[in-house]
There are 2 protein chains.
Amino acid sequence: MENKREIFHVLTRRFGLLNKNCCSVGGFDISTVQSHILYEIDKQNTPSMQQIAETLAMDITTFSRQIQTLVKMELVKKTPSSQDKRVSLLSLTTQGKFVATSIDHSMNAYLDEVFSHLNEFERETVIRSLQLLNEAMSKSSVCCTPLY
Amino acid sequence: MENKREIFHVLTRRFGLLNKNCCSVGGFDISTVQSHILYEIDKQNTPSMQQIAETLAMDITTFSRQIQTLVKMELVKKTPSSQDKRVSLLSLTTQGKFVATSIDHSMNAYLDEVFSHLNEFERETVIRSLQLLNEAMSKSSVCCTPLY
DNA sequence: TTTATTTACTTGCAAATTGCAAGTATTGTT
DNA sequence: AACAATACTTGCAATTTGCAAGTAAATAAA
């Protein structure tokens, strides 16, 4: 299979599957989108709604409602900014942090299992290549603009 | 970023974006899922519903309805099998074939643009690595089982 | 051959997700 | 002070999803 599209088609689907079966942690049933949101909140330093929505290239209204859900689940906390009262700053609750960490662990475990089918050299090459691909996509004008 | 999860998180999101902005062809507005369905029908030889649904790891009921939509759009044709009257064989209409081909072209163009940010050596390494990754995922027990 | 089981789908909800339009506060700008 | 811009939030309405339950045909068992 020399065809790039073919490779990406399969890869996309597989990533979807990987992301799907990763997100049930201690009674919580987290959707893929929600796990991405938790991940980004965890990574950034008390970000605003806008920030995360833009990073994930999500519509702000959809994002707003997802956050409402996550707040109800007591995984995310919304704090009004003292600087700018329009802004809500996002952070993980203790529970949220726990869930995010758990997902991170299981995702890494999944990935380790996947990579165990490669030898050391291949593993390193693949990782390096994915980084290169990420960089290429970030430079691309046709897609993938956010997610710096 | 040595963290595998980080890499996959970003890559997953970027793939999502790439897949999203690829699918408006001549008046038709194709969703990502639908483009994947068209792709697989085109690839396989008059497959059954089950076959495609399984390949794409989709719930058969969801799939059934997606096919109904695609049939209404006159992109897909459903032919009852003469061998087994329970089975519906899927094929692309002329229009469907055209749409599938157009999407394929534009996806490849997007990918070419992305890869243009790499040099020849990197390009080949990355492609080869993605193939390796696909193989590793196909061997994995934790995910990605269909999509042989 | 009749009866039961499995297979290949299709429909009935009911819930979740999405995005555009329109609205509410704030904040910044003439 | 008046107007525009920003950071969200709500009102739909369409789409998508999956489990349960149903139909019809094929296969296995009695």
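Only heavy atoms go into these numbers, but all of them, side chains included; no hydrogens, no water, no symmetry mates. So that the names make sense, note that chain A is the first sequence line, chain B the second, and so on, each numbered from 1.
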I need the [atom1]-[atom2] distance between [X] and [N], as an integer number of Å.
X	N	atom1	atom2	answer
A:Asp29	C:dA16	CG	C1'	12 Å
A:Glu54	D:dT6	CD	P	13 Å
A:Gln34	C:dT18	CD	C1'	14 Å
A:Ile30	C:dA16	CD1	C1'	14 Å
A:Leu56	C:dT18	CG	C1'	15 Å
B:Ile37	D:dT16	CD1	P	10 Å
B:Ile60	D:dT23	CD1	P	19 Å
B:Leu89	C:dA8	CG	C1'	12 Å

Protein within reach of the bases, or only the backbone? For nucleotides 17-22 of chain D, mark each nucleotide 5' to 3' as B, S or -, using heavy atoms under 4.0 Å. SBBB--
With sequence neighbours excluded, residues passing side chain to side chain contact (heavy atoms under 4.5 Å, CB included) with A:Gln83: A:Ser81
Suppose we screen for side chain to side chain contact (heavy atoms under 4.5 Å, CB included). Which residues come up paired with B:Ser129, at least two apart in sequence or across chains? A:Thr125, A:Val126, A:Ser129, B:Thr125
Going by number, which of residues 68-86 of chain A have a non-hydrogen atom under 4.0 Å from DNA chain C? A:Asp84, A:Lys85, A:Arg86
Which residue pairs pass the ring-ring contact (aromatic ring centres under 6.0 Å, His included) test with at least one member in residues 49-105 of chain A, sequence neighbours excluded? none
Whichever hydrophobic residues join B:Tyr39 through chains of side-chain contacts under 4.5 Å: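 B:Tyr39 shares its hydrophobic cluster with no other residue.
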Other hydrophobic cluster members with A:Phe121, side-chain heavy atoms of Ile/Leu/Val/Met/Phe/Trp/Tyr under 4.5 Å, chained? none
Taking salt bridge (charged side-chain N to carboxylate O under 4.0 Å, His left out) as the test, write out the residues that go with B:Asp84, two or more places apart.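 Testing B:Asp84 for salt bridge (charged side-chain N to carboxylate O under 4.0 Å, His left out), a comparison that skips the adjacent residues, returns B:Arg86.
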Considering only residues two or more places apart or on different chains, which pairs with a residue in residues 93-106 of chain A satisfy salt bridge (charged side-chain N to carboxylate O under 4.0 Å, His left out)? A:Asp42-A:Lys97, A:Asp104-B:Arg5
Is the closest side-chain heavy-atom distance between B:Thr93 and B:Val76 below 4.5 Å?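 Side chain of B:Thr93 against side chain of B:Val76, heavy atoms only: no contact under 4.5 Å found.
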A:Leu111 side chain near B:Ile7 side chain, heavy-atom distance below 4.5 Å: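 No, their side chains stay 4.5 Å or more apart.
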Using only side-chain N and O atoms of B:Ser64, determine if any of them is under 4.0 Å from OP1 or OP2 of C:dT10.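 Indeed, a polar side-chain atom of B:Ser64 lies that close.
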If you compare every side-chain N and O of B:Ser88 against the phosphate oxygens of C:dA8 (OP1, OP2), does one of them come in below 4.0 Å? no
